[in-house]
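The following block contains the structure, expressed as structure tokens.
The first residue in the sequence is number 1, and the count goes up from there.
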Amino acid sequence: MTADEHIAAITASIKEVERLTRKARKAAVALHATLQAAAIDFKATYGHDSEAMTAAVAPKTPPKED
């Protein structure tokens with residue numbers, strides 16, 4: 001492999017990393033917005049009622065005993 005081929009391969013790899021980084025950032029922003037909306041909805045539903053919050057996130061079935 002020539003030096004030019006190495007440079008071309010490295011350049012292609014860098015561009016792919018940059019593309020994946022942009023894609024990951026977009027996904028992180030979308031996830032953040034979804035989690036914020038869920039948190040707002042959760043707070044609107046349960047307010048400051050800690051017992052209701054605990055019940056809402058508690059497992060629906062008891063844990064299995066070994």
Side-chain angles (χ1 to χ4, degrees):
M1 194 178 246
T2 68
D4 287 339
E5 291 171 329
H6 279 288
I7 292 169
I10 291 168
T11 301
S13 295
I14 290 169
K15 287 183 180 185
E16 179 65 7
V17 167
E18 288 171 343
R19 183 187 72 78
L20 292 173
T21 300
R22 284 190 302 275
K23 190 174 181 179
R25 280 192 186 126
K26 286 178 184 177
V29 168
L31 177 59
H32 183 261
T34 300
L35 291 173
Q36 275 189 323
I40 289 167
D41 183 51
F42 191 83
K43 187 174 180 185
T45 302
Y46 299 104
H48 294 286
D49 184 352
S50 61
E51 287 183 24
M53 283 188 220
T54 302
V57 298
K60 302 301 180 214
T61 57
K64 294 181 180 178
E65 304 250 345
D66 290 331

Sequence neighbours left out, what pairs pass salt bridge (charged side-chain N to carboxylate O under 4.0 Å, His left out) with at least one residue falling in residues 17-39? Glu16-Arg19

Which hydrophobic side chains are connected to Leu31, either touching it within the sub-4.5 Å cutoff or through other members that do? Leu35

Report all side-chain donor-acceptor pairs from residues 6-13 shorter than 3.5 Å, counting only partners two or more places apart or in another chain.
{"residue": "Thr11", "atom": "OG1", "partner": "Ile7", "partner atom": "O", "Å": "2.8"}
{"residue": "Ser13", "atom": "OG", "partner": "Ala9", "partner atom": "O", "Å": "3.1"}

